[in-house]
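Below: the structure, in structure tokens.
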Amino acid sequence: MATLGTFTAGQMLTAAELNDIGTFTSFTPSWTGITGGTGASNTGQYCIVNKILYIRVRYVLGTGGSFTATPTMTLPASSTMAGSPIMVWIPSMAGTANDSGVASYSLSILPATTTTIRPYVQTASGTYVTLATLVNATVPFTWGVNDYLEIAGWVQIA
């Protein structure tokens with residue numbers, strides 16, 4: 001079967017190939033800066049349609065889990081962000097930092113490299129919403145058991 005986006009003129013498409021368009025694949029996101037702890041959950045799904053990567057991920061901390069640095073996630077399927085310009089801020093991706101049972105905080109997603117992304121906390125302390133800082137062990141709250149980080153959206157890839 002041909003990979004989506006690699007079909008050639010005159011090629012016959014099968015029902016199976018057409019049905020695969022928009023099908024999400026489960027994956028375990030690759031993160032740095034997070035120690036999950038006992039009972040942690042790190043799940044995700046992605047779909048590639050032509051040169052667009054759609055993702056949704058959730059990392060739930062377990063007992064003893066923490067952020068050891070700014071959480072940074074590697075894009076799945078050996079994907080590399082592309083396009084012109086490559087965005088400094090990825091408006092098509094967003095996130096949530098959830099302090100279990102307390103509050104949720106809106107996140108912006110920015111590339112760390114062409115293959116990795118990082119969450120930034122948004123703040124509304126002035127007239128306009130701005131990026132405050134990278135998420136870390138104490139921003140936007142002190143992370144603990146059952147707190148979770150979610151990211152969803154899409155990005156153009158090579």
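Values below: every heavy atom of this structure, side chains too, minus hydrogens, waters and symmetry copies. For the single chain, residues carry numbers from 1 onward in sequence order.
Side-chain contact between P29 and P76 is absent, with no heavy atoms from C-beta onward closer than 4.5 Å. In this structure, T80 and T114 have side chains that are in contact, with non-hydrogen atoms separated by less than 4.5 Å.
The CD1 atom of I48 sits 14.5 Å away from atom CH2 of W154, with the distance rounded to the nearest 0.5 Å. Interatomic distance, T25 OG1 to Q45 CD, rounded to the nearest 0.5 Å: 8.5 Å. Atoms OG1 and CG, from T96 and L149 in turn, are 8.5 Å apart once rounded to the nearest 0.5 Å. Rounded to the nearest 0.5 angstrom, N50 CG and Q156 CD are separated by 11.0 Å. One finds the CG atom of N42 at 5.0 Å from the OH atom of Y59 (value rounded to the nearest 0.5 Å). We find the CG-CD1 distance between L110 and I117 to be 10.0 Å, quoted to the nearest 0.5 Å.
For S79 (side chain) and I157 (main-chain N/O), no donor-acceptor pair under 3.5 Å exists by modelled atom type. The closest donor-acceptor contact from the side chain of N136 to the backbone of V139 lies under 3.5 Å. The backbone N or O of T116 lies less than 3.5 Å from a partner atom in the side chain of T113, making a donor-acceptor pair.
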In sequence, state the C-alpha distance, the side-chain angles, and the governing distance for I55 and M73, and then conclude on side chain to side chain contact (heavy atoms under 4.5 Å, CB included).
-> CA-CA 11 Å; I55 65 168; M73 190 192 88; 3.6 Å; yes
Give the C-alpha distance, both sets of side-chain angles, the deciding distance and a yes or no for ring-ring contact (aromatic ring centres under 6.0 Å, His included) between F27 and Y46.
-> CA-CA 7 Å; F27 78 107; Y46 74 92; 5.5 Å; yes
Going through the distances and angles, do F67 and V135 end up as a side chain to side chain contact (heavy atoms under 4.5 Å, CB included)?
-> CA-CA 9 Å; F67 286 3; V135 169; 3.5 Å; yes
Kindly determine whether W143 and I34 satisfy side chain to side chain contact (heavy atoms under 4.5 Å, CB included), including the steps that lead there.
-> CA-CA 10 Å; W143 293 78; I34 301 177; over 6 Å; no
Could you check M93 against V155 for side chain to side chain contact (heavy atoms under 4.5 Å, CB included), going step by step and ending with a plain yes or no?
-> CA-CA 8 Å; M93 282 194 187; V155 68; 3.9 Å; yes
For side-chain hydrogen bond (donor to acceptor under 3.5 Å, both in side chains), just list the numbers for R118 and T70, CA-CA rounded to whole Å, side-chain angles, deciding distance to a tenth of an Å, and then say yes or no.
-> CA-CA 7 Å; R118 291 186 195 156; T70 296; 5.7 Å; no
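Side chains of T43 and R58: a donor-acceptor N/O pair is absent below 3.5 angstrom, by distance only. Inspection of the D147 and S100 side chains reveals no N or O donor paired with an N or O acceptor under 3.5 Å.
Shortest non-hydrogen contact noted between A158 and A82 is N-CB, 3.5 Å. Taking every heavy atom of both residues into account, I90 and M81 meet most closely at CD1-SD, 3.9 Å. Between A97 and P140, the closest heavy-atom pair is CB-CG, 3.9 Å. The two residues G36 and A40 come nearest to each other via the heavy atoms O-CB, 3.2 Å.
Hydrophobic clustering of Ile, Leu, Val, Met, Phe, Trp and Tyr side chains at less than 4.5 Å, counting indirect connections, keeps Y148 apart from L107. Placement of F24 and I52 within a single hydrophobic cluster is found when ILVMFWY residues are connected by side-chain heavy-atom separations under 4.5 Å, directly or transitively.
Using cut-offs of 30° and 60° on the angle between ring planes, the pair Y105 and F141 is tilted.
Counting only residues at least two apart or on different chains, no salt bridge (Lys or Arg N to Asp or Glu O under 4.0 Å) pair has a member in residues 134-144.
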